[in-house]
Amino acid sequence: MALQQGIQFLDWAGRRVAFDVKGDGPFLVAPAGWVSHLEADASDPRYTQFWRSLSDGFTLVRYDRLGVGLSDRAVGPADFTLDAEIGCLRALLDRLDVDSAMLLGGSSGGCTAIAFAERHPERVERLVLYGAYARGVDVASADVRAAVLSAVRSHWGLGSRMLAQIFLGDEAQDGQDRFARLQRESADAETAARLLEFVYGVDVSADVQHIEAPAVVVHRRFDRAVPYALGRRLAAALPNATFVPLAGSAHLPWYGNLEAVVRACRGGLGKPARIDAADGELDPLSERERQVLALVARGLTDPEIAEQLVISRHTVHRHVANVRHKLGSTSRSAAVAEAARLGLL
């Protein structure tokens, strides 16, 4: 019998958890991150493009944790625990009659994925961890954690904008405004704050060394929400892991160069990336920017590039700056290296 597709509800712990099933193939399950909203998230074309490209050839399962999104909003202290996260994920797999699946844990969802894989190794085939960490206290200093929690509780509008700036890095203002609105639509201020306390307090460092499944850890170098060093540390601690560093500063994978994230994650899932160019702007560089970058790769200076392309030096300088920004690179040589890795040269 074909698996029912679309948004559905799981009866768990006396309430309803919203989950979404799409596609066909091996099961790929994304443990819930901080806040989400299955309906509102889908209004962002970058979000839908990312998940469609990433999950090609899989049955993708995502869900809103209790207290957020389309799930029941009534929550209590017991809902903000790692045991609750593991229990919900287990109940969802049981509901779908899934014996084992691949898990893609992003941010705090990575902690749930790690803990679940440690407790139920027979049910986890592979782990892909994006922007993840093992100990929440390492994410930010005590002063920063306290300031963020205070802002969220006292003024959710201000707190959501602060978090948008942290989560999206160098993303344009319209993207930050969209994410700020999404946070407020996904959860009320108190639930958001209590979930942040969970994010900052969770600790799966003791579980990491016992993980049997092969893992790939993907982390952007300038991630402002979860420092790059934590991803590197996590990959080093996992017994059977590969670390894939990426350029960029956005914590959310569908912002910035989403194609690079898709390639890295699908590599961890044992699938090559197949991205439909009709779905959007997948090549982050314009044709002119690629021309300029190709000449930079040959060692030409800005004046030499300007002469060859018959454009002004100022225009060359602007194109080079745009290329570095799009690729999340701090220098011309780093941009060339990143473009080569992505197959853009």
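Basis for what follows: all heavy atoms, side chains included, without hydrogens, waters or symmetry-related copies.
- Between V262 and F50 there is a side-chain heavy-atom pair separated by less than 4.5 Å.
- In terms of hydrophobic clustering, with Ile, Leu, Val, Met, Phe, Trp and Tyr side chains grouped at heavy-atom distances under 4.5 Å, L92 and L3 are assigned to a common cluster.
- Shortest non-hydrogen contact noted between A215 and L238 is CB-CD1, 4.0 Å.
- In terms of hydrophobic clustering, with Ile, Leu, Val, Met, Phe, Trp and Tyr side chains grouped at heavy-atom distances under 4.5 Å, L70 and V61 are assigned to different clusters.
- Heavy-atom contacts from other residues, nucleotides or ligands closer than 6.0 Å to CZ of R318 number more than 12.
- Tested against D79 for a salt bridge (charged side-chain N to carboxylate O under 4.0 Å, His left out), the candidates R65, R15, R194, R73 yield a single pass: R15.
- Proximity of L163 to L196: side-chain heavy atoms (C-beta onward) are separated by under 4.5 Å at one or more points.
- Rounding to the nearest 0.5 Å gives a distance of 4.5 Å between CZ of F179 and CG of L252.
- The nearest pair of heavy atoms linking V35 to S186 is CB-CB, 4.1 Å.
- A192 and V152 get closest at one heavy-atom pair: CB-CG1, 4.0 Å.
- Between L309 and T315, every side-chain heavy-atom pair lies at or beyond the 4.5 Å cut-off.
- Looking at R178 and R46, their side chains come closer than 4.5 Å, going by heavy atoms from C-beta outward.
- Looking at residues two or more places apart in sequence or on another chain, you find a side chain to side chain contact (heavy atoms under 4.5 Å, CB included) between S333 and S331.
- Between the CD atom of E212 and the CG atom of N240 there is a distance of 10.5 Å, given to the nearest 0.5 Å.
- Shown here is D94, whose CG atom has more than 12 heavy atoms of other residues, nucleotides or ligands within 6.0 Å.
- Taking 4.5 Å as the limit, every side-chain heavy atom of R161 sits out of range of all side-chain heavy atoms of Q176.
- Here the side chains of R181 and D177 are in contact, with some heavy-atom distance below 4.5 Å.
- With sequence neighbours left out, the side chain to side chain contact (heavy atoms under 4.5 Å, CB included) criterion links D20 to I7, K22, L38, R62.
- Here the CG-CG distance, from D99 to D97, works out to 6.5 Å after rounding to the nearest 0.5 Å.
- Crowding of R16 atom CZ: a count of heavy atoms from other residues, nucleotides or ligands under 6.0 Å not exceeding 12.
- Taking a 6.0 Å sphere around CD of Q5, one finds it holds more than 12 heavy atoms contributed by other residues, nucleotides or ligands.
- For residues 227-246, the pairs satisfying ring-ring contact (aromatic ring centres under 6.0 Å, His included) are Y228-F243, with sequence neighbours left out.
- Taking the six-membered ring where the residue is Trp, W51 and W254 present tilted rings, their angle falling between 30° and 60°.
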I'd like a table of donor-acceptor pairs (distance under 3.5 Å, sequence neighbours excluded) in which one partner is a side-chain atom from residues 101-121, with atom names and distances.
{"unit_1": "S107", "atom_1": "OG", "unit_2": "H251", "atom_2": "NE2", "d": "2.9"}
{"unit_1": "R119", "atom_1": "NH1", "unit_2": "D83", "atom_2": "OD1", "d": "2.8"}
{"unit_1": "R119", "atom_1": "NH2", "unit_2": "D83", "atom_2": "OD1", "d": "3.2"}
{"unit_1": "H120", "atom_1": "NE2", "unit_2": "R90", "atom_2": "NH1", "d": "3.2"}

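- Around atom CD of E122, more than 12 heavy atoms belonging to other residues, nucleotides or ligands sit under 6.0 Å away.
- The local environment of CZ in R232 is sparse, with at most 12 non-hydrogen atoms from other residues, nucleotides or ligands closer than 6.0 Å.
- Among all heavy-atom pairs drawn from V216 and A264, the shortest one is CG1-O, 4.3 Å.
- Across every non-hydrogen atom of L234 and A134, the tightest pair is CD1-CB, 4.3 Å.
- The CG atom of L129 lies 9.5 Å from the SG atom of C265; values are rounded to the nearest 0.5 Å.
- Sparse packing is recorded around CD of E307, with 12 or fewer heavy atoms of other residues, nucleotides or ligands lying under 6.0 Å away.
- Residue pairs meeting the ring-ring contact (aromatic ring centres under 6.0 Å, His included) criterion with at least one partner in residues 290-317, sequence neighbours excluded, do not occur; the list is empty.
- With rounding to the nearest 0.5 angstrom, the CG atom of D41 is 4.5 Å from the OH atom of Y47.
- Using a 4.5 Å cut-off between side-chain heavy atoms of Ile, Leu, Val, Met, Phe, Trp and Tyr, with links allowed through other members, W34 and L158 fall into different hydrophobic clusters.
- Neither side chain, R52 nor Q49, offers a donor N or O lying under 3.5 Å from an acceptor on the other.
- Shown here for R145 and A140, the closest heavy-atom pair between the two residues is NH1-O, 2.6 Å.
- At least one side-chain heavy atom of F58 sits under 4.5 Å from a side-chain heavy atom of R266.
- Residues D223 and Y130 have side chains that never bring a donor and an acceptor to within less than 3.5 angstrom of each other.
- Under the side chain to side chain donor-acceptor pair (under 3.5 Å) criterion, D188 pairs with T191, sequence neighbours left out.
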